Amino acid sequence: MEKYITTPIYYLNGLPHIGHAYTSILGDVMKKFEQMRGNNVYYSTGTDEHGQKNQHSIENSELSAEEFLQRQSDNFRNLFINLGIDFDFFVRTSRPEHQKIVQEILQNIYDRGLIVKKSYEGLYCEGCEQFKKKSDLDENGHCPDHKTAPKAISEENYFFKLEPYRQWLIDYIKSHPDWIQPAKYANEVLGMLKEPLEDLCISRPKSRVWLGVELPFDTNYVTYIWFDALVNYISTLNFGHNPDFENIWSNSHHLIAKDILKPHCIYWPIMLHALGVAPVKHYFIHGYWIGEGGVKMSKSLGNVVDPVEMVDIFGVDALRFYLINNMTMAGDSQISPDLLKQGYKILANNIGNLQMRVLKMVQKNLNSKVPSKAALNDEDKQLLNNIAKRFTSVFRKDIGLETISELAESIISAGDATNAYFAANTPWVLAKDPAQKDRFEAVVYTTLDALRLIGNALYPIAPTTAGKIETSLGIENPQFVAEFKPMSLAEGAAIKVGDPLFPMIEEK
RNA sequence: CGCGGGGUAGAGCAGCCCGGUAGCUUACCAGGCUCAUAACCUGGGGGUCGGAGGUUCAAAUCCUCCCCCCGCAACCA
């Protein structure tokens with residue numbers, strides 16, 4: 001089956017932070033998970049290169065728009081590559097094909113009479129070059145940033161009518177309980193839909209914003225974020241020009257953080273519905289990463305966790321594992337160098353140490369060859385069967401946030417079980433007694449085979465480590481497939497003792 | 001009464017829907033083991049489950065009120 005996974009496209013006015021890294025890692029984990037299940041996955045992530053914020057950043061830089069956008073976009077692309085993210089398409093809204101499809105869609109909606117022009121009156125702060133709502137202002141009615149009173153001005157703009165589709169959307173949510181996951185966010189969306197929906201402003205006059213896609217029916221305007229950024233999800237599939245579009249779109253999954261719930265779960269499905277296109281199949285919504293102690297990250301507090309720094313200290317796979325293992329379903333999740341170090345030690349002690357202790361034993365006592373499995377007893381087989389059964393059941397579940405965190409948990413508990421098995425069977429004692437040779441080999445084989453199963457399950461979350469584990473067991477060109485057959489490790493294969501998977505971290 | 005989420009051992013979390021001896025990881029302590037990476041195994045100390053009422057034989061779990069934290073409310077994952 002062909003599946004499609006997307007992340008939001010990220011604004012370029014800043015550097016990528018841990019949240020961007022997380023969403024894109026999550027998509028990559030889901031992609032690899034699905035690939036192991038035999039599904040083809042097309043995965044897109046990328047950058048939003050339009051809008052006033054980006055325009056400001058360009059104007060404040062010494063660079064041309066093109067140079068600035070290229071540089072900033074590359075920051076994201078390079079980070080994602082460094083994080084091992086296997087995206088199939090990197091979105092850039094500056095891409096001409098995207099802009100063309102945006103215009104086609106706008107014209108389509110306009111021709112259906114769903115876009116109206118009217119004047120918008122509001123309080124405009126010249127410092128921010130933005131309209132302000134009363135709730136944005138301080139107690140004196142001034143802009144909190146510029147300490148000046150905003151001007152009441154009126155501006156003509158184009159609007160997309162949402163209200164006619166509100167009831168349709170409510171019904172859709174209620175009749176598709178899995179559409180928005182976790183379910184609590186569906187409730188939140190339903191809450192937003194209790195009141196009539198205002199017309200959605202979809203344009204900006206070029207006099208204010210020049211960085212955007214021109215409206216096909218009025219060259220004095222560019223389109224505002226919604227019909228530009230959201231459309232990336234289908235322009236990437238070459239919507240309107242791709243006979244296979246319906247097929248892949250019907251298995252599409254949007255990953256987003258909770259802050260952009262409203263545009264994605266209200267504006268976007270209504271836009272698609274107006275176009276005669278079905279909504280995305282699933283939304284997966286996650287919370288924020290905040291600092292240890294529940295404090296929001298901020299530069300002034302010095303608790304900002306930078307993904308690039310964390311990769312330098314802990315490595316890609318440990319960061320990926322931490323993020324996947326520690327995002328809670330309920331709310332926001334905490335991250336700090338200390339917490340990451342805890343997560344790192346779990347991997348190092350549990351999986352890394354297990355691999356090293358058994359490999360060294362094979363190297364010293366078995367001439368670096370995987371021993372015979374002929375003498376495996378019931379206990380040995382039971383360990384392997386239990387691990388295989390657990391992994392099999394996880395990989396049978398539908399993709400989702402809960403499935404992914406269960407995967408992480410199942411890996412740690414398999415590592416625990418194998419360490420306990422190893423300690424209980426004292427192979428280092430057996431090794432010294434020639435009469436116990438068969439038993440010794442059985443225990444070592446069992447441990448190696450357990451490690452093989454763990455490495456296979458680890459692939460979506462920690463692909464590089466997974467590869468190292470399999471290779472160290474003498475498996476050439478490991479293939480990662482969602483099959484967990486116990487006792488499949490080839491006897492006689494040459495193991496390779498390499499560097500520790502998770503080496504000791506130097507204290508600064 | 002704008003909407004929503006959270007408050008459970010020093011730290012990070014699960015349990016709450018479907019009430020019945022308070023659990024996991026980490027940190028700490030002790031013992032074991034010594035194959036291994038700061039290890040691993042076993043055991044232990046530490047919590048009146050934000051507060052107050054109520055329902056019940058029984059409440060972290062259900063109900064009511066209150067306190068605190070965090071998001072969202074036209075553009076930060």
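Predicted model only: the values in this text are computed from it and were never measured. Below, read A as the first sequence line, B as the second, and so on, with proteins coming before strands; counting in each chain starts at 1.
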A/Tyr224 side chain: which of B/A77, B/C75, B/U26 is closest? B/C75
Quick check for you: among B/C40, B/C41, B/C35, whose closest atom lies nearest to any side-chain atom of A/Asp416? B/C41
Rounded interatomic separation in angstrom, taking CG from A/Asp259 and P from B/A77: 6 Å
Select base, sugar-phosphate, or nothing to describe what A/Tyr10 touches, counting heavy atoms under 4.0 Å on all strands. sugar-phosphate
Could you tell me the separation between the CG atom of A/Asn365 and the P atom of B/C35, rounded to a whole number of Å? 10 Å
Euclidean distance for C1', B/U25 against B/G4 (whole angstrom): 29 Å
Any salt bridge linking A/Lys437 with A/Glu441? Criterion: basic side-chain nitrogen under 4.0 Å from a carboxylate oxygen. yes
Can we say A/Asp74 and A/Arg92 salt-bridge, meaning some charged N sits less than 4.0 Å from an Asp/Glu carboxylate O? no
Pairing partner of B/A30 (Watson-Crick or G-U wobble, both distances under 3.5 Å): B/U42
Any carboxylate oxygen within less than 4.0 angstrom of a Lys/Arg side-chain nitrogen, looking at A/Glu402 and A/Lys397? no
With a 4.0 Å cut-off on N to O distance, would you call A/Asp332 and A/Lys258 a salt bridge? yes
Salt-bridged, A/Arg452 to A/Asp449, with N to O below 4.0 Å? yes
Value in whole Å for how far the P atom of B/C35 lies from CD of A/Gln363: 15 Å
If we take the C1' atom in both B/A52 and B/C13, what is their distance in whole Å? 27 Å
Considering only heavy side-chain atoms of A/Lys296, the closest of B/A77, B/U37, B/G71 is B/G71
Kindly say if A/Asn349 contacts the phosphate of B/A38, meaning a side-chain N or O under 4.0 Å from OP1 or OP2. no
With sugar-phosphate meaning primed atoms plus P, OP1 and OP2, does A/Lys194 contact a base, only sugar-phosphate, or nothing at under 4.0 Å between heavy atoms? nothing
Euclidean distance, atom CG of residue A/Leu340 to atom C1' of B/U26 [Å, nearest integer]: 14 Å
So A/Lys496 and A/Lys468, side chain to side chain contact (heavy atoms under 4.5 Å, CB included) or not? Walk me through it. CA-CA 10 Å; A/Lys496 296 179 189 69; A/Lys468 285 183 188 170; over 6 Å; no
Where each residue is assigned the nucleotide of RNA chain B containing its nearest heavy atom, which of A/Lys345 and A/Pro503 is assigned the position nearer the 5′ end? A/Lys345
Between A/Ser24 and A/Thr45, is any side-chain donor less than 3.5 angstrom from a side-chain acceptor? yes
Could you tell me whether A/Glu292 contacts a base, only the sugar-phosphate backbone, or nothing, with contacts defined as non-hydrogen atoms closer than 4.0 Å? sugar-phosphate
Classify A/Ile412 by what it touches in the nucleic acid, base, sugar-phosphate, or nothing, heavy-atom distance under 4.0 Å. nothing
Expected output: side-chain A/Tyr221 to main-chain A/Glu156 donor-acceptor under 3.5 Å: yes
Taking atom P in both B/G54 and B/C70, compute the distance separating them and give it to the nearest angstrom. 32 Å
Of the nucleotides B/C75, B/C35, B/A77, which has the atom closest to the A/Thr23 side chain? B/A77
With a 4.0 Å cut-off on heavy atoms, is A/Ala348 in touch with a base, just the backbone sugar-phosphate, or nothing at all? base
Rounded to the Å, how far apart are A/Phe422 CZ and B/U42 C1'? 17 Å
Rounded distance in Å between the P positions of B/C66 and B/C3: 14 Å
Could you state the atom-to-atom distance from CG of A/Asn425 to C1' of B/C33 in whole Å? 14 Å
Are side-chain N/O atoms of A/Gln355 and A/Ser472 paired as donor and acceptor at under 3.5 Å? yes
Determine the interatomic distance between P on B/C63 and the same-named atom on B/C28; round to the nearest Å. 41 Å
In the structure shown, which nucleotide is the Watson-Crick or G-U wobble counterpart of B/G2, with both distances under 3.5 Å? B/C72
Taking pairing as Watson-Crick or G-U wobble with both contacts under 3.5 Å, can you name the mate of B/G53, or confirm there isn't one? B/C63
Using a cut-off of 4.0 Å on non-hydrogen atoms, how would the nucleic acid contact of A/Leu501 be classed: base, sugar-phosphate, or nothing? base
Please determine whether a side-chain nitrogen or oxygen atom of A/Gln334 lies at a distance below 4.0 Å from atom OP1 or OP2 of B/C13. yes
Give one of base, sugar-phosphate or nothing for A/Gly343, where a contact means two heavy atoms less than 4.0 Å apart. nothing
Mind calculating the distance between CD (A/Gln436) and C1' (B/C35) to the nearest angstrom? 16 Å
Find which nucleotide of RNA chain B each of A/Gly191 and A/Ala257 is nearest to by heavy atoms, and output the residue with the more 5' nucleotide. A/Gly191
Across the strands shown, which category fits A/Tyr22 at heavy-atom distances under 4.0 angstrom: base, sugar-phosphate, nothing? nothing
Using atom CD of A/Glu188 as one end and atom P of B/G6 as the other, report the distance to the nearest whole Å. 11 Å
Counter-base of B/U25, judged by Watson-Crick or G-U geometry with both distances under 3.5 Å: B/A11
Could you check whether A/Asp332 gets within reach of a base, just the sugar-phosphate, or nothing at all, counting any heavy atom under 4.0 Å? sugar-phosphate
Verify the contact: side-chain N or O of A/Lys258 to OP1 or OP2 of B/C70, cut-off strictly under 4.0 Å; return yes or no. no
Please pick, from B/C75, B/U37, B/C40, the nucleotide with the shortest atom-to-atom distance to any side-chain atom of A/Arg357. B/C40
Say we look at B/A9 and B/C65: how far apart would their P atoms be, to the nearest angstrom? 26 Å
Taking B/C24 as the reference, what is the distance to B/U64 when you measure between their P atoms (whole Å, please)? 33 Å
Measure from the side chain of A/Trp428, starting at C-beta and using heavy atoms only, and say which of B/U26, B/U34, B/A77 lies closest. B/U34
Whole-angstrom distance between B/A11 and B/G7, as gauged at atom C1': 15 Å
Nearest to the A/Thr328 side chain among B/C41, B/C35, B/A14, which nucleotide is it? B/A14
Which part of the nucleic acid, if any, lies within contact of A/Gly51, taking any heavy atom under 4.0 Å across all strands shown: a base, the sugar-phosphate backbone alone, or nothing? nothing
